[in-house]
Amino acid sequence: MPTKAHSVAVAAPHQAAVDAAAEAVAAGGSPADAAVAAAAVLAVVYPHQCSLGGDLIALARPAGTGEVHAVLSAGAAPRNIDVAALRAASDRMPPGGPLSVTVPGAVAGLREISRRWGQLAWADLLRSAIRLARDGAPVSAGMARAIRSRAEVLDRDPGLAALVRPGGRSLSEGERFVQPALARTLERVAEDPDGFYRGALAADVAAGLAALGSPVDADDLAAHEAEVTRPLTAERAGSRWFVAPPPSQGALFLAALTGAPDGTPAALVRSARAAELARDAHLGDPRGGPIDVDALLAGRSEPGAAHPVPVAAGDTVAVTAVGTDGTAVSLIMSVYQSFGAGIMDPATGLIFHNRGSAFRLEAGHPGVVGPGVRPPHTLCPVIGEADGIVVALGCQGGRAQPWILAQVADGTVTSDDLTGLVGRPRWVIGSRELGRQRPTLMAEPGAPEAAAEAARELGLDVAAWPGPDDDAGHVQVARVRGGILDAASDPRADGRAVVA
């Protein structure tokens, strides 16, 4: 699609988010402004997948230097977490509830992206989100599915039940839902984003968490800052790929991609399985102790090693934005499982994530839970470069994000049909997070049979979904190639892609 100077290609999983991004671009905004405006709206209209009470990891590539930066705004476990009590209760972290909540990093991450690479005023970027929270937004098809699938969990929490299950009845697709408490919180964040962590709003957030039974307190909030650091990178077939470092699982995307040099489905399944085992053995937070990044990048784990994995499946949003000049942002924001920890503070309207469920309880594991430590993180934004090409790539998909993205990465550089690319049938590898008791390759109808054959050779179970499935990921991609912008939004979600 032909474009004019200063245009931006944007993709996101909800139409209202893309509308907000386009409005930001029309006002003179950069790809960073477009991504932040879209993400703020998603925190309102896609509450089953993201929230200001969740986390954010992003990559940004400003055109001036072409240097890619990683923004890690993943929150840490509270300083007063009782690890001994957690171990006494189970061999795994709680999958939800107040003890699975870590510090929400999303607001700090959005603000850091805006401050460093945005052109518009911060408050302007939140206007659409505030309006939609105050006046209401229609329930999307994806949100309606999530409400139905998590009805039992939602009914346990008065705040969430009143929001999306009033009177025990699930909101249906197209029905309007309003969030006045969230609108007020967004207005306060627009006035003072730092106040979410240090100020009157922070005190209210902490009070809400305490009332819900979480040990995250005002001091934990005050300690949080978004980290901006160097990405990990690897080359393959004339392209260079960038991902966020630990505690993000970005290294596993590079391992899956470079471990399958011929790009065949069978090779990719083998490299993905090796990367999965490496993650379960080695991924954690460098703040908690040394992380063997080389083992993650090589897809290397101890022979025979077994590590309990989290139960939670991933619910996440990806926003991708690329400008004509090669500026790019890949932003991922999440509450982890659908509706996160399954708790909402009625006073602030915040739904809190269950990122703490990804911690390990085994002493000595790199991902072991501890005060001030960030959990192993599924969020995996990607930026790619080739001759005259810049790609921003991301997806929903929980622990399967690296191999979901690896199945489309080459095509984002070479394909003339990005929409067809992201709509192709896919497979994922997982176990408990997919409702399976054993490691399993789950495939959509039409996924390559060679992938299933390779999985069987590796001793994995093989199963099929009846049709396209949310767990196969919601891929969002934006690209500039030869000065021409293009973008695509996964048909499994409720979004679209535009060049604005």
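What's counted below: heavy atoms across the whole structure, side chains too, no hydrogens, waters or symmetry copies.
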ask   = For the side chain of H353 and the backbone of A341, is there at least one donor-acceptor N/O pair under 3.5 Å apart?
value = no

ask   = Are the side chain of S73 and the backbone N or O of G105 linked by a donor-acceptor pair below 3.5 Å?
value = yes

request  = Taking the six-membered ring for Trp and the single ring otherwise, decide whether the centroids of Y46 and H14 are under 6.0 Å apart.
outcome  = yes

note = SG (C380) and CD (Q401) are apart, to the nearest 0.5 Å, by 6.0 Å

ask   = Would a 4.5 Å heavy-atom cut-off, applied to side chains only, mark L257 and W241 as touching?
value = yes

query = Between atom CG of D486 and atom CG of L418, what is the distance when rounded to the nearest 0.5 Å?
reply = 4.5 Å

task = Indicate the ring-plane relationship of W117 and H69, choosing parallel, tilted or perpendicular according to the 30° and 60° boundaries.
result = tilted

ask   = Are L163 and Q179 side-chain neighbours, meaning at least one heavy-atom pair lies under 4.5 Å?
value = yes

query = Cut-off 3.5 Å, side chains only: do S140 and D494 have a donor facing an acceptor?
reply = yes

N/O donor-acceptor pair under 3.5 Å between R426 side chain and A472 backbone = yes

ask   = Does D33 use its side chain to pair, donor to acceptor, with the backbone of S30 at less than 3.5 Å?
value = yes

request  = Establish, from distance only, whether the side-chain atoms of H224 and D220 form a donor-acceptor pair under 3.5 Å.
outcome  = no

key: Straight-line distance of L99 CG to I81 CD1, nearest 0.5 Å   = 7.5 Å

ask   = Looking just at side-chain N and O atoms, do T378 and Q249 make a donor-acceptor pair shorter than 3.5 Å?
value = no

ask   = When you measure from the side chain of D55 to the backbone N and O of G75, does any donor-acceptor pair fall under 3.5 Å?
value = yes

task = Return the minimal non-hydrogen interatomic distance between A106 and S51, and the atom names on each side.
result = CB-O, 3.7 Å

ask   = Does the side chain of R61 pick up a donor-acceptor pair with the side chain of S330 at under 3.5 Å?
value = no

Check: T414 side chain, D410 main-chain N or O, donor-acceptor pair, under 3.5 Å = yes

remark   = A39 and M333 have their tightest heavy-atom pair at O-CE, 3.1 Å

request  = For D490 and P13, indicate whether the former's side chain and the latter's backbone hold a donor-acceptor pair under 3.5 Å.
outcome  = no

key: Least distance between heavy atoms, P31 atom then T327 atom   = CG-CG2, 3.8 Å

request  = Report the C-alpha distance between E227 and R374 in whole Å, list the side-chain angles of each, state the deciding distance to 0.1 Å, and finish with yes or no for side-chain contact (heavy atoms from CB on, under 4.5 Å).
outcome  = CA-CA 12 Å; E227 175 188 1; R374 299 169 295 184; 2.9 Å; yes

request  = State, with a plain yes or no, whether a side-chain heavy atom of L379 is found less than 4.5 Å away from one of R355.
outcome  = yes

query = With no hydrogens and no angle check, do the side chains of S128 and E23 hold a donor and an acceptor under 3.5 Å apart?
reply = yes

query = Taking atom types as modelled and ignoring hydrogens, do the side chains of S415 and D417 form a donor-acceptor contact shorter than 3.5 angstrom?
reply = no

inquiry  = Using every non-hydrogen atom in the two residues, find where V390 and V322 come nearest and quote the distance to one decimal.
reply    = O-CG1, 4.2 Å

Trace of the side-chain contact (heavy atoms from CB on, under 4.5 Å) decision for R492 with D469 = CA-CA 7 Å; R492 298 165 183 83; D469 197 275; over 6 Å; no

request  = Classify the ring geometry between H48 and F339 as parallel (under 30°), tilted (30 to 60°) or perpendicular (over 60°).
outcome  = tilted

ask   = V499 versus V8: any side-chain heavy-atom pair under 4.5 Å?
value = no

note = dist I57:CD1 -> L331:CG (nearest 0.5 Å) comes out at 10.5 Å

message = As an exercise, state the distance from OG1 of T316 to CD of Q337, rounded to the nearest 0.5 Å.
response = 11.0 Å

query = Just checking, any donor-acceptor pair under 3.5 angstrom between side chains of T233 and R240?
reply = yes

message = Looking at A12, is its backbone amide N or carbonyl O close enough to the side chain of S489 to form a donor-acceptor pair, meaning the two atoms are under 3.5 Å apart?
response = yes

